[in-house]
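Everything below concerns the one structure shown next.
Because the structure is a prediction, the values reported are computed rather than measured. Each chain gets a letter, A, B and so on, in the order the sequences are listed, and its residues count up from 1.
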Amino acid sequence: MALAAAVRRGMQAQLWGGLLQSQLRGLASSAQLQQSAAAAAAAAEASPAAASPAGPPEAAGRTVKMNLCAAVNDALHIAMAEDSRTLCFGEDVGFGGVFMCSRGLQERFGRDRVFNTPLSEQGIVGFAIGAAAEGFRPVAEIQFADYIFPAFDQITNEAAKYRYRSGAAYNVGGLTIRAPYGAVGHGGHYHSQSPEAFFTHIPGVKVVMPSGPREAKGLLLASIREPDPVIFFEAKMLYRTAVEEVPEGDYEIPLGQARTVQQGSDITLVGWGQQVRVLELAAKEVQDQDKISCEILDLRTLLPWDADAVEASVRKTGRLLVSHEAPITSGFGAEVVSTIADRCFWSLEAPPARVCGYDTPFPLVFEPLYLPTARRVAEAIRRTVTAT
Amino acid sequence: MLARCAAALRGRTAGSLPAAARGLAASAGAAGGEQPPAAAPTSQPSSSQEDRMDFPGGSVPFTAGMDWHGGAFAPRAPLPCYRTIDAAGREVPDAAIPHPLPRETAVRMYETMVRLQTVDVLFYEAQRQGRFSFYMTSSGEEATAIGSAAALHPDDVVFSQYREQGVIMYRGFSIQNMAHQCFGNMHEQGKGRQMPIHYGSRELNFHTISSPLATQLPHAVGAAYAMKLEQRGTVAAAYFGEGAASEGDFHAALNFAATLGAPVIFVCRNNGWAISTPASDQYRGDGIAGRGPAYGIATLRVDGGDTRAVYNATAEARRIALEQQAPVLLEAMSYRSGHHSTSDDSSRYRAAEEMRAWRARDPVSRFQRWLVDQGWWDDAADTAARQAARREVIQALEAAQRAPKPPLSTMFEDVYARMPPHLEAQRAEVLAHVAAHPDACPADIPVK
């Protein structure tokens, strides 16, 4: 809906204030880091939590360099081509979407399957639920995650309970709701929010947040094929800025399994979506400056989340830090910390730490100080590691 | 006070409705639009029950015929579009002018349009130069904003979307204040927290803009209801686009306004495009105006490019809303001549020919020609007004860019009336962080 149609072009150019700017500058190296870490992890036959049963993406063969937007678009093309009951719709989706994630779909698959809807989020999700309940696979786009709330009733009271309330006579497993989320440098209150925690409080939906292009493609294909409704939050700041090698063709990354971004021994850092890249920068900083070895886990799926993988890592490192952009109070970090405190209490060598957004609405000019920056994360890592 | 309002309403409607209907009709707010079915209390069967069905929500005649309405069946002719000045700026003969424009008002309206156009051009350029992050123009819709704003009373309360900067300008919001807001500096009312173009002013009775669409419409109805109970003699004016009218809040607002008899003027700017989505993908039926009578709301479609028509429509809407304590719906037909925003490139999805055709009907030129014909305006005045506006805008942008941002600690203010302990702790945490790492704070944000 709304105003900042697409931070699309603006995204590349303008006003990356303060620390955000340095985070972005770090993204290229961060992507390389991620790749080499993943390769190292594969070579070392990392912990079971790290590898997906479908095999690492490298197994799919050839790769193509693409950004997160292109990876989402690629997944949508594959899903649309494989099943004529797959639909893509939402506000401005017809011409390609304000971020161009649905580019080329209408030309290829026609206006019956790829179309603009009237401007109503509750309408988009309610309509998608009906189509899903009759056997279709609707991929519904909410233009910005900040605008998903008119659809909250449809998600929490309808999509999430469709199977349960009918005794499994009906379900809306074909439903996938895509929405761009997160800080982007100049989005203010209504083009920056990370609303994932509202949705992790809803039994019956799954919540997925990819951290990069390769993750996005594999997780989106899995989400579309998942027999339960999925809310898929895409980091809009990464649409253009995150570029990496993505496997060609079809592959899935299973939901509910975390990814070990890098192995380490002193502390476990847990994040999801674009915050994973901030954790990588922080880990590099404390490695270089303080010789602190960080293990980084990308949760990928928040509901259901891979508590086993986090537990295994924290048993090894003895320390935990969770970080997200959303306000700290009742954020998903609280869930991770409490579960790990319960499971790993006797293995913990320091109190688990959370580095998150503050408990204010997302403030435009203060964004560089509102965000859980790499520097704030690095400070918390040092505090946690030296606490013992 | 409540009882007095109700009594006044009953007095108004009783004469036109069957006696049995009085009780419920008092709340129906049947203001000049399609009369809702007359209601009858269920305990008192109507004397005409043989040929009518009475039910709690009204009374309808029976028919033995099967007469479908709407859709492909007997489509209704579109509501006509009221105008007083044609596309070339000439007087439309015999146009209804219940509220003739005084010369002084007309000139002030045009001067505000010139300032609005100048702001739009130069702020847009400033954004393209990276001086601030975002901008939206109202090109093509100046007449709707200024024509309606001039017909409102300063005490009327405005609930705007995000493309009606002309309204707040006409009310007295300075170009300097607009520049302060776009730069998010320390002089800005909103303390730098919102994206550019989210203006607001308590003094000017203009509620602060928020980005989500149509959310302001039910607010306007609640505000209008409060005015009614206090007998303020004012109205609420709610602005929105035809895209926003697809939101659920639009329906809620119109239905609440009609049932609760709220003196609110809904001003829809039907500019044809919601970002890339044409109005043809947005609705079927007769636009937004076509819905008004179905809600029991007095409705008028008006040429949104005709400043005098919008002024007259709004002035008359205001008279109706106040006299009848009921809502009114205006649909101003116009065209978004610019891109959706600085983040958009509309050449990707709409035809150049369409844009050229609409720009040829530029509402500001139309009004200017009419003013010249009245002998109220000339080229020299125009040149002077445009030069003055240009100087003012350039100075305002420079001053706003020089001003520091609000102090860091204000980030935690106004979340609540009184800052709770957890926010005090977080504020201390940020200040300590910046004290340890001064470069973490952008240079233009004072650390205090």
Original post:
Can B:Arg348 and A:Asp92 be said to form a salt bridge (Lys or Arg N to Asp or Glu O under 4.0 Å), step by step?
Top reply: CA-CA 12 Å; B:Arg348 302 170 74 109; A:Asp92 302 294; over 6 Å; no
Original post:
For the residue pair A:Tyr190 and B:His198, does the interplanar ring angle fall in the parallel (under 30°), tilted (30 to 60°) or perpendicular (over 60°) class?
Top reply: parallel
Quick one: [atom1] on [X] to [atom2] on [Y], what's the gap to the nearest 0.5 Å?
{"X": "B:Ile445", "Y": "A:Leu369", "atom1": "CD1", "atom2": "CG", "answer": "5.5 Å"}
{"X": "A:Glu379", "Y": "B:His437", "atom1": "CD", "atom2": "NE2", "answer": "3.0 Å"}
{"X": "A:Phe366", "Y": "B:Ser409", "atom1": "CZ", "atom2": "OG", "answer": "7.5 Å"}
{"X": "A:Tyr147", "Y": "B:Glu247", "atom1": "OH", "atom2": "CD", "answer": "10.5 Å"}
{"X": "B:Arg350", "Y": "A:Phe95", "atom1": "CZ", "atom2": "CZ", "answer": "11.5 Å"}
{"X": "B:Gln194", "Y": "A:Leu364", "atom1": "CD", "atom2": "CG", "answer": "9.0 Å"}

Original post:
So, the side chain of A:Asn116 versus the backbone of B:Asp281: is there a donor-acceptor pair under 3.5 Å, distance only?
Top reply: no
Original post:
Is a side-chain N or O of B:Gln282 found less than 3.5 angstrom from the main chain of A:Leu119, in a donor-acceptor match?
Top reply: yes
If you count every heavy atom of other residues, nucleotides or ligands that lies below 6.0 Å from [X] atom [atom1], does the total exceed 12?
{"X": "A:Arg108", "atom1": "CZ", "answer": "yes"}
{"X": "A:Asp288", "atom1": "CG", "answer": "yes"}
{"X": "A:Phe89", "atom1": "CZ", "answer": "yes"}

**OP:** Would you name the heavy atoms of B:Ser246 and A:Ser120 that are closest together and state the gap between them?
**Re:** O-CB, 3.3 Å
**OP:** Pick whichever of B:Ala274, B:Ala436, B:Gly243 has the most heavy-atom pairs under 4.5 Å with chain A.
**Re:** B:Gly243
Original post:
In terms of heavy-atom pairs under 4.5 Å with chain A, which of B:Pro406, B:Ala244, B:Ala245 leads?
Top reply: B:Pro406
With the side chain counted from C-beta on, respond yes when [X] and [Y] share a heavy-atom pair under 4.5 Å apart, and no when they do not.
{"X": "A:Glu367", "Y": "B:Met411", "value": "no"}
{"X": "A:Val365", "Y": "B:Lys191", "value": "no"}
{"X": "B:Met195", "Y": "A:His189", "value": "no"}
{"X": "A:Pro118", "Y": "B:Tyr283", "value": "no"}

Subject >> chain A contact via B:Pro420 - which portion, at a heavy-atom distance below 4.5 Å >> reply: neither
**OP:** Show the numbers, then the answer: is there a side-chain contact (heavy atoms from CB on, under 4.5 Å) between A:Asp146 and B:Ser211?
**Re:** CA-CA 10 Å; A:Asp146 311 68; B:Ser211 315; over 6 Å; no
Original post:
Would you call B:Arg427 and A:Asp359 a salt bridge, using N to O less than 4.0 angstrom?
Top reply: no
**OP:** Before giving the answer on side-chain contact (heavy atoms from CB on, under 4.5 Å), spell out for B:Glu429 and A:Tyr358 the whole-Å C-alpha distance, their side-chain angles and the decisive distance to 0.1 Å.
**Re:** CA-CA 10 Å; B:Glu429 185 183 317; A:Tyr358 293 114; 3.3 Å; yes
Original post:
Measuring heavy-atom distances to chain B, does A:Tyr370 have an atom under 4.5 Å in its side chain, in its backbone, in both, or in neither?
Top reply: both
**OP:** List for me each residue that meets ring-ring contact (aromatic ring centres under 6.0 Å, His included) alongside B:Tyr199, sequence neighbours excluded, and say none if there are none.
**Re:** B:Phe173
**OP:** Show the numbers, then the answer: is there a side-chain contact (heavy atoms from CB on, under 4.5 Å) between B:Gln426 and A:Ile328?
**Re:** CA-CA 10 Å; B:Gln426 291 177 11; A:Ile328 186 167; 3.6 Å; yes
